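Because the structure is a prediction, the values reported are computed rather than measured. Below, chain A is the first sequence line, B the second, and so on; all start at residue 1.
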Amino acid sequence: MTVRTRFAPSPTGYLHIGGARTALFCWLYARHHGGVFVLRIEDTDRERSTPEAVQAILDGMAWLDLKADEGPYYQTQRFDRYREVAQGLLAAGQAYHCFCSKDELDAMRKEQLARKEKPRYDGRCRNRREPVAGVNPVIRFKNPVDGQTVVEDAVKGRVIFDNHELDDLIIVRSDGNPTYNFCVVVDDMDMGITHVIRGDDHLNNTPRQMNILKALGATPPRYAHLPMILGPDGAKLSKRHGAVSVMQYREDGYLPEAVLNYLVRLGWSHGDQEVFSREEMVTLFDIEDVNKSASAINPQKLLWLNQHYIKNGGLPRLAAELQWHLERLGVETSKGPALTALVKAQQERAKTFKEMAEGSRFFFEEIRAYEHEAAAKNLTEEAVPGLRKLRDGLAELQEWSAASIHSLLIATAESLGLKLGKLAQPMRVAMTGGTVSPPIDATLELLGKERTLRRLDQALAHIDAGGA
RNA sequence: GCUCCCUUCGUCUAGAGGCCUAGGACGGAGCCCUCUCAAGGCUUAAACACCGGUUCGAAUCCGGUAGGGAGCGCCA
């Protein structure tokens, strides 16, 4: 039997980090077993579902490269099918019409709560023969009243529910539309889903779904309920935690492989290994190895992984990403060094592409102002002799390469009895306007001779003008 | 309130009765390297929620307690 998993988000918002992890595990499990990964959009709540949210989910998955092998299926396009199945249940006496009003239901709940009982529908319409005039009934599933339903969960283990804890849930609303728990069941059955991997907030729904499946004559799939993902503070994930949408991570300068690698280690591990390529994830991942307990997001570790992928990624790939971010900053990338060379110079000092792009602006844009403290400390009269001598040397330099620039720098500093830092740091401020850049020789090489000399003159003039 | 789930360093985790004086990673601290920022190298602090039981022996098994979480909708 081929494994078939599904990711079934409801399009009421963006693809957040928790959803992304669920999608990843579903995808990994399918890939690992040579199975099929199905995408299903659960949009039965027409009030809250939007096409923008559908697109956002698709975009998020595309960015993470979690391609669905089938779908997306839309539940709103399958309403006829749900109604058909509900009618079948009705005809078989496994479901019934319920005419209870909302007020009646509310009153019932209140009483039960007052008696310190779990609120549940008492099944009073189970044996009603006559319809109530003027009331459009809902359809309820006739849940078994005794016995137990056992969920053999791949991550939580054996979980036992007494059927009398479960009540007769509504499967079709009074307006004729099917409800969530029912659609899920019909879909999982129709789509031949063999493994339902989802958040553990659904664990309590599982016995109800299994009972409906059994009533339908279907074999329940294998279930795996993933622990929740919490915010950095250990509280439930929310907007207040910043990057809730996976696409926000792109904006913030993260690579999808870093996000994926971070996510796969939340609730899953393989010994002491921290870094996993996509291929390794696929071969090593197993749902049986997933943890039971919730985990908090650790932004520092994500940052570290991102840095790892920046340091070790392929240049063309990284250059494309840098270009995307530079363009976001409004930088004209054609007016500067080749981006692959730039990435090579910057990849050791950036944790994110956002950071790298911001730290690379000076390669493309003129220096309009020096950082105050940096200039005050480095662009001083004291630095002038060194800068002048270096300017002469650079102007005559035949081969404009980091290596030759480096030699010139050493020689210049030596001849003036200066420590390298006394020369390099003023140069850095002159070239970048600030104090941070790649090694100065590499920076000059990337800047090019003309720009270097121009900026050196600009700095000298600045000092000459009294640092104003 | 009821049902269900969870509990190893700050965080992610290893651990499936003796290999544990509990390992790794991020983060922290210190040192080294150094033209800045980084990167890198080395060192270091830091945890089995609690109480009982089983056992020659428990982080690992059992029971309870506490603390977190989820569900209990004509939401998904």
Once you apply the 3.5 Å cut-off to both distances, tell me the Watson-Crick or G-U wobble partner of [N], or none.
{"N": "G1(B)", "answer": "C72(B)"}
{"N": "A45(B)", "answer": "none"}
{"N": "G10(B)", "answer": "C26(B)"}
{"N": "C61(B)", "answer": "G53(B)"}
{"N": "C33(B)", "answer": "none"}
{"N": "U21(B)", "answer": "none"}

If the [atom1] atom of [N] is compared with that of [M], how far apart are they to the nearest Å?
{"N": "G28(B)", "M": "G10(B)", "atom1": "P", "result": "16 Å"}
{"N": "G23(B)", "M": "G15(B)", "atom1": "C1'", "result": "9 Å"}
{"N": "C37(B)", "M": "U43(B)", "atom1": "C1'", "result": "24 Å"}
{"N": "C62(B)", "M": "G1(B)", "atom1": "C1'", "result": "29 Å"}
{"N": "C4(B)", "M": "C9(B)", "atom1": "C1'", "result": "29 Å"}
{"N": "G64(B)", "M": "A47(B)", "atom1": "P", "result": "29 Å"}
{"N": "U21(B)", "M": "A16(B)", "atom1": "P", "result": "14 Å"}
{"N": "A39(B)", "M": "A29(B)", "atom1": "P", "result": "13 Å"}

May I ask you to check whether [X] and [Y] show a side-chain donor-acceptor distance below 3.5 Å?
{"X": "Gln346(A)", "Y": "Ser360(A)", "result": "yes"}
{"X": "Asn163(A)", "Y": "Asp146(A)", "result": "no"}
{"X": "Asp200(A)", "Y": "His225(A)", "result": "no"}

Atom pairs under 3.5 Å, N or O on each side, protein against nucleotides 12-20 of chain B: can you list them with distances?
from	atom 1	to	atom 2	distance (Å)
C12(B)	OP1	Ala296(A)	N	2.8
C12(B)	O2'	Arg265(A)	O	2.9
C12(B)	O2	Lys301(A)	NZ	3.4
U13(B)	OP1	Gly267(A)	N	2.3
U13(B)	O3'	Ser269(A)	OG	3.0
A14(B)	OP1	Ser269(A)	OG	3.0

Exercise for review: Name the nucleic acid region contacted by Asn177(A), choosing base, sugar-phosphate or nothing; use a 4.0 angstrom heavy-atom cut-off, strictly under.
Suggested key: nothing
Pair [X] + [Y]: basic N to acidic O under 4.0 Å:
{"X": "Lys354(A)", "Y": "Glu358(A)", "result": "no"}
{"X": "Asp45(A)", "Y": "Arg48(A)", "result": "yes"}
{"X": "Arg222(A)", "Y": "Glu288(A)", "result": "yes"}
{"X": "Lys118(A)", "Y": "Glu165(A)", "result": "yes"}

Review point. Per the atom types in the model, does the base of A70(B) pair as donor or acceptor with the side chain of Asn204(A) at under 3.5 Å?
Key: yes
Practice item. Could you walk me through whether Arg40(A) and Asp188(A) pass the salt bridge (charged side-chain N to carboxylate O under 4.0 Å, His left out) test, one step at a time? Key: CA-CA 10 Å; Arg40(A) 181 168 81 221; Asp188(A) 286 340; 3.0 Å; yes
For [X] and [N], give me the distance from atom [atom1] to atom [atom2], rounded to whole Å.
{"X": "Lys118(A)", "N": "C4(B)", "atom1": "NZ", "atom2": "P", "value": "8 Å"}
{"X": "Glu47(A)", "N": "C74(B)", "atom1": "CD", "atom2": "C1'", "value": "12 Å"}
{"X": "Met228(A)", "N": "C4(B)", "atom1": "CE", "atom2": "P", "value": "19 Å"}
{"X": "Asp167(A)", "N": "G73(B)", "atom1": "CG", "atom2": "C1'", "value": "10 Å"}

Exercise for review: Would you please classify the geometry between the Trp268(A) ring and the His270(A) ring as parallel, tilted or perpendicular, with 30° and 60° separating the classes?
Suggested key: parallel
Exercise for review: Let me see the working for Glu257(A) and Arg278(A) under salt bridge (charged side-chain N to carboxylate O under 4.0 Å, His left out), right down to the final yes or no.
Suggested key: CA-CA 8 Å; Glu257(A) 45 269 55; Arg278(A) 202 167 248 273; over 6 Å; no
Practice item. Pull out every residue in residues 146-160 of chain A that has a heavy atom closer than 4.0 Å to any atom of RNA chain B, ordered by number, or say none. Key: Lys156(A), Val159(A), Ile160(A)
Is any side-chain N or O of [X] closer than 4.0 Å to OP1 or OP2 of [N]?
{"X": "Lys351(A)", "N": "C37(B)", "answer": "no"}
{"X": "Arg109(A)", "N": "G73(B)", "answer": "yes"}
{"X": "Thr12(A)", "N": "A76(B)", "answer": "no"}

Check your understanding: Are the aromatic ring centres of Phe285(A) and Phe25(A) under 6.0 angstrom apart?
Key -> yes
Review point. For Lys292(A) and Tyr121(A), take the nucleotide of RNA chain B holding the closest heavy atom to each; which residue's nucleotide lies nearer the 5' end?
Key: Lys292(A)
Study note, to complete from the structure: Between Ser437(A) and Gln300(A), whichever has its closest RNA chain B nucleotide further toward 5' is Gln300(A)
Look for any protein N or O under 3.5 Å of an N or O in nucleotides 31-35 of chain B and output each such pair with its distance, or none.
from	atom 1	to	atom 2	distance (Å)
C35(B)	O2	Arg428(A)	NH1	3.1
C35(B)	O2	Arg428(A)	NH2	2.8
C35(B)	N3	Ile440(A)	N	3.2

Exercise for review: Output the distance between atom CG (Asp106(A)) and atom OG (Ser101(A)), rounded to the nearest 0.5 Å.
Suggested key: 8.5 Å
Point to revise | Ser407(A) side chain to Ala403(A) backbone, donor-acceptor under 3.5 Å | key: yes
